[in-house]
There are 2 protein chains.
Amino acid sequence: MDMFNDTDSIWAEKFRVHGYRLTKPRKAVLMVLNKTSKHLSAEDIYLAIHRSYKDIGFATIYRTLDLLVRMNLVNRFEFGDGKSRYELIYERKEVPTHHHHLICRKCGKVIDYSDFIEEETKLIDKIECELSKKYDFEIDRHIIQFYGLCDECKGEE
Amino acid sequence: MDMFNDTDSIWAEKFRVHGYRLTKPRKAVLMVLNKTSKHLSAEDIYLAIHRSYKDIGFATIYRTLDLLVRMNLVNRFEFGDGKSRYELIYERKEVPTHHHHLICRKCGKVIDYSDFIEEETKLIDKIECELSKKYDFEIDRHIIQFYGLCDECKGEE
DNA sequence: CTTGCTGCAAAGTGTTTGCATACAT
DNA sequence: ATGTATGCAAACACTTTGCAGCAAG
């Protein structure tokens, strides 16, 4: 059962370079993240894998996610509900890769947006460049999040 | 012992308007947050208060912080180490209020910066305005965080 | 007075760790 | 072969909750 094809060689290669092993659970985590554009929690991922792979354990999910984050294949987000969320960085999906988040502080709903990314990128690039010089900091990612009330929660305040 | 003066009437007023009581523990939390420009965790705040107020309890700290966040007096941040951090929004301090964060993904160090805030504000305002229309979302705050490696951790990678 | 707030302790929740076993290379 | 990765269960760390007593308005 080879769930991986041509595109996966990117991942396979990354693993080889780092000296890590591309195991069944790790493939499964990548598959799940690759199949969705949602912000999955460790539990979401566990449940998705568990359907077809009963032996998967939570510890492996967490260890794999940490690894993927360290390898810069996955982004970790905190939306304020106590659990971390994960998103693939290099994706094969047809949705825009770079986006940011609108988070409802009442119901926790998260909306992805990728409007204004171009203008934003220009400014962020400049800021990134200057900040890394000023603070001698090697920046490799950024997050922008807007907090507020979504359409449904707005009225009830 | 009245730890509060003229400026505190702003807080007192806010509490009165909402119908909340300005109690000793709540004053203490505000005092601690007001005295520093650091990003304090619930435990930091507990310890600071505990020095002079032995009866303070963790539950109260957490409940107070939740309240202050809901009242928009305090911002809650997650820097990825599992604990929430808190910062006063309306401060009397001499440091710039609006700032963002550089977070070292290795040692967890957090650097505040307030460079480029003007240009940034212009763009963010515009984005905020358009997004709130497009997604029917009432935005009341945003966070921008850069992740990477600080000067000390850069070499070791 | 009255109702909201507090402190305590216990319970929850998400995440991490130790260790023997299994497996990728 | 050999050293890494896994699964399990127990341990952790942070946060939340229930409740009887306390205190702010």
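Order of the sequence lines sets the chain letters (A, B, ...), proteins ahead of strands, with each chain counted from 1.
Contacts between residues 44-63 of chain A and DNA chain D, defined by a heavy-atom separation under 4.0 Å, are made by A:Y53, A:D55, A:I56, A:G57, A:A59, A:T60, A:R63.
Relative to the side chain of B:R21, the nucleotides D:dA23, D:dG3, D:dT6 differ in distance, and D:dA23 lies closest. With distances taken from any side-chain atom of B:K83 to the nucleotides D:dT15, D:dT16, D:dT6, the minimum falls on D:dT15.
In this entry the distance linking CD of B:E43 with P of D:dC12 reads 16 Å, nearest Å. Rounded to an integer number of Å, the gap from A:H18 NE2 to D:dA5 P is 13 Å. Whole-Å rounding puts the B:D81 CG to D:dT15 C1' distance at 14 Å. Rounded to an integer number of Å, the gap from B:F79 CZ to D:dC14 C1' is 17 Å.
The one candidate from A:E87, A:R141, A:H39 that meets the side chain to side chain donor-acceptor pair (under 3.5 Å) condition with A:N75 is A:R141.
On the nucleic acid side, DNA chain C contacts chain B at distances under 4.0 Å to non-hydrogen atoms, with the end points of that region at C:dT3 to C:dC8.
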Does A:S132 form a side-chain hydrogen bond (donor to acceptor under 3.5 Å, both in side chains) with A:E138? I'd like the steps, not just the answer.
CA-CA 6 Å; A:S132 58; A:E138 182 184 314; over 6 Å; no

Chi angles and distances behind the side chain to side chain contact (heavy atoms under 4.5 Å, CB included) call for B:K126, A:E119:
CA-CA 11 Å; B:K126 184 190 153 198; A:E119 300 166 69; 2.6 Å; yes

Show your working on side-chain hydrogen bond (donor to acceptor under 3.5 Å, both in side chains) between A:Y147 and A:R105 and close with a plain yes or no.
CA-CA 6 Å; A:Y147 286 84; A:R105 65 160 203 270; over 6 Å; no

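By the 4.5 Å heavy-atom criterion applied to side chains, B:I103 and A:F137 are not counted as neighbours. Two residues are said to be in side-chain contact when any heavy atoms from C-beta on lie closer than 4.5 Å; A:D115 and B:E130 fail this criterion. Counting only heavy atoms from C-beta outward, the side chains of B:L30 and B:K35 never approach each other to under 4.5 Å.
Both B:E78 and B:T23 sit near DNA chain D, but only B:E78 has its closest nucleotide nearer the 5' end. Residues B:R85 and A:P25 both approach DNA chain D. Their nearest nucleotides, taken by heavy-atom distance, put A:P25 toward the 5′ side.
Taking the centre and axis of the six-membered ring of A:F77, the NZ or CZ atom of A:R85 falls outside the cone set by 45° and 6.0 Å. In this structure, A:K24 satisfies the cation-pi test against A:Y53, with its NZ or CZ atom closer than 6.0 Å to the six-membered ring centre and inside 45 degrees of the ring normal.
A:S41 comes within 4.0 angstrom of no nucleic acid atom, judged by non-hydrogen atoms across all strands.
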